[in-house]
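Predicted model, so just to flag it, every value in this text is computed and none were measured.
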Amino acid sequence: MFTTTGSRGLYKAPLSKGLLLLLSGLTVMLTLLPQYQQLFVYNLQAVAQQHQVWSLLCGRLVCLDVKDCFCSGLLIYNFRIFERRFGTRKFASFLLGTWCLSALMDFLLAQAFQFLFDYEVEELPAGLLAPVFSLFVPFYCLIPRVPVTQVLGHIPITNKSLVYIVGLQLLTSSPFMWLLALSGLLSGGLYHSNFLWLQKLLFVPAWVSFIGRYILEPIFSSSQPSSETPLGMGATLDIQRQQRMDVLDQQLLLAQYNESTSNNRPQPQSGLLQWTRMLFPSLRQRGQNRPPVQPPPQAETRPSTQSPLSDNSAVVEEQVALLVEMGFSRTDALEALRASNNDINMATNFLLQH
């Protein structure tokens, strides 16, 4: 929706779809039935002094403000790429771990604010807000930053700018939303870095994942989209044209990737793929009137047992290491780089889609 990581809707993201439907539906019901909103108020004093555990559970799940529900829903929809990449169980474990950590962080930050400014924080905005803010940590660390355009010739706009704008809108919606945001970012950083082996302590058990796979996943699963990817709405005709060229480039990359994976024998880089790129450049480079780049002269043909990517060993190994650090396997990273002609951005986007 916002990033260049594909637009397949909620396909292979049943947990994200379930959260969007259930939490949004409950918010609408509470808006129509205001007499029940008191049950979902996130009151820190009621939890700490009166031990109202239900207030902690309900107050940190359902939003009472429609604007907060809308912004958090947009962010959950965008962060569905992590559920596709790492699987539903790991994504659920991240949300569960950051939910528990942020609940503790809320009380610690409220006590610190009271100690520093002599002001007691009684209520915080309700909803699944802190775990949503915690997802900005892997979003910042794992999603590559791809420039899209510039505003006024100096301000760069990337594929991640709109996501940060929505997060900023959510941050400024309530006076104490900053406390939940700070709590979510701290808990997300601790869980993402596996501090004190938190990922082994806070996770979704296998039996819960088994029940959800056979009972809840068929309910919230989405059908596979058609091969024709719908184009998003652009602010100008130039943006729409750029989106269309990106879609065509991705289709060309997919065809080249399937061709490279279907052949078990490694082929040198100077084969059909390289000649195709020389004769038919990428669509986004057309119209720039650039002289064609001549391929470097080849040395004498000698039998070699090295891999096809060994000619660019210094650059390619750094790119492969970067993709491996992002969580991809080395085999997939090599194949994606080979198909994208060592373009790290296109290889990353393709791996995130598949």
Side-chain angles (χ1 to χ4, degrees), residues 1-3 5-37 39-42 54-100 102-103 125-136 138-139 162-163 166-167 169-170 173 177 180 184 188 204-205 208-226 229-230 232-233 353:
M1 180 177 181
F2 298 116
T3 62
T5 53
S7 57
R8 295 201 229 166
L10 293 169
Y11 178 60
K12 291 186 178 180
L15 179 58
S16 300
K17 182 178 180 179
L19 290 176
L20 288 174
L21 294 178
L22 293 178
L23 299 183
S24 302
L26 290 174
T27 300
V28 174
M29 290 178 58
L30 292 176
T31 304
L32 300 177
L33 302 174
Q35 62 270 22
Y36 296 103
Q37 290 185 1
L39 299 175
F40 294 87
V41 174
Y42 186 20
W54 55 268
S55 180
L56 177 66
L57 297 177
C58 298
R60 303 190 79 248
L61 287 178
V62 183
C63 293
L64 298 179
D65 191 346
V66 178
K67 182 175 61 176
D68 294 346
C69 178
F70 179 75
C71 293
S72 61
L74 287 179
L75 293 175
I76 291 175
Y77 179 81
N78 183 77
F79 293 145
R80 76 200 185 280
I81 56 178
F82 296 117
E83 183 177 2
R84 291 178 182 170
R85 178 65 185 90
F86 302 110
T88 302
R89 184 183 178 187
K90 281 191 175 182
F91 184 68
S93 298
F94 184 89
L95 293 178
L96 176 63
T98 53
W99 190 93
C100 297
S102 59
L128 194 71
L129 300 175
V132 171
F133 279 112
S134 66
L135 287 170
F136 276 98
F139 181 76
L162 290 178
V163 182
V166 175
Q169 175 65 34
L170 182 61
S173 62
M177 186 66 75
L180 291 176
V204 175
V208 176
S209 177
F210 180 82
I211 294 176
R213 183 182 305 171
Y214 290 97
I215 296 179
L216 298 179
E217 186 173 352
I219 300 176
F220 298 108
S221 61
S222 300
S223 59
Q224 185 175 1
S226 59
T229 305
M233 295 182 61
Q353 290 180 355

(request) Step by step, work out the side chain to side chain contact (heavy atoms under 4.5 Å, CB included) result for Phe220 and Leu22. (result) CA-CA 10 Å; Phe220 298 108; Leu22 293 178; 4.2 Å; yes
(request) Working to the nearest 0.5 Å, report the span between NZ of Lys17 and CD1 of Ile219. (result) 10.5 Å
(message) To check you understand the geometry: which heavy-atom pair defines the closest contact between Leu23 and Cys69, and what is its length?
(response) O-SG, 4.4 Å
(message) Between Ser173 and Pro125, is there a side-chain heavy-atom distance shorter than 4.5 Å?
(response) no
(request) Indicate yes or no: at least one non-hydrogen side-chain atom of Tyr42 is less than 4.5 angstrom from one of Leu64. (result) no
(request) Any chance you could measure Leu128, atom CG, to Asp68, atom CG, to the nearest 0.5 Å? (result) 12.0 Å
(message) Contact between Phe136 and Val163 at the side-chain level, heavy atoms closer than 4.5 Å - yes or no?
(response) yes
(message) I'd like to check Ser16 versus Phe91 (side-chain heavy atoms, cut-off strictly below 4.5 Å). Are they in contact?
(response) yes
(message) To check you understand the geometry: which heavy-atom pair defines the closest contact between Ala103 and Arg60, and what is its length?
(response) N-NH2, 3.5 Å
(message) I'd like to check Asn78 versus Phe139 (side-chain heavy atoms, cut-off strictly below 4.5 Å). Are they in contact?
(response) yes
(message) Is any side-chain heavy atom of Lys67 closer than 4.5 Å to one of Gln169?
(response) yes
(message) I'd like to check Tyr77 versus Leu10 (side-chain heavy atoms, cut-off strictly below 4.5 Å). Are they in contact?
(response) yes
(request) Find the distance between CH2 (Trp99) and CG (Leu129) and round it off to the nearest 0.5 Å. (result) 12.5 Å
(request) Return the minimal non-hydrogen interatomic distance between Glu83 and Leu15, and the atom names on each side. (result) OE2-N, 2.9 Å
(request) Could you pull out the closest heavy-atom pair between Leu30 and Gln37, with the gap in Å? (result) O-NE2, 2.9 Å
(request) Write down the atom of Val41, the atom of Ser55, and the distance for their closest heavy-atom approach. (result) O-OG, 3.0 Å
(message) Is it true that, when you exclude Phe70 itself, more than 12 heavy atoms of the residues, nucleotides or ligands shown sit nearer than 6.0 Å to its CZ?
(response) no
(message) If we ignore hydrogens and angles and just use 3.5 Å, is the side chain of Ser24 paired with the main-chain N or O of Leu21 as donor and acceptor?
(response) no
(message) What's the separation between atom OG1 in Thr31 and atom OH in Tyr36, rounded to the nearest 0.5 Å?
(response) 15.0 Å
(message) Is there a side-chain contact between Leu95 and Phe82 in this structure, where contact means two heavy atoms from C-beta onward sitting under 4.5 Å apart?
(response) no
(request) Report the C-alpha distance between Ser134 and Ser102 in whole Å, list the side-chain angles of each, state the deciding distance to 0.1 Å, and finish with yes or no for side chain to side chain contact (heavy atoms under 4.5 Å, CB included). (result) CA-CA 9 Å; Ser134 66; Ser102 59; over 6 Å; no
(message) Give me the atom names and distance for the closest heavy-atom approach of Pro14 to Glu217.
(response) CG-CG, 3.9 Å
(request) State whether the side chain of Arg89 and the backbone N or O of Phe210 hold a donor-acceptor pair below 3.5 Å, judged by distance alone. (result) no
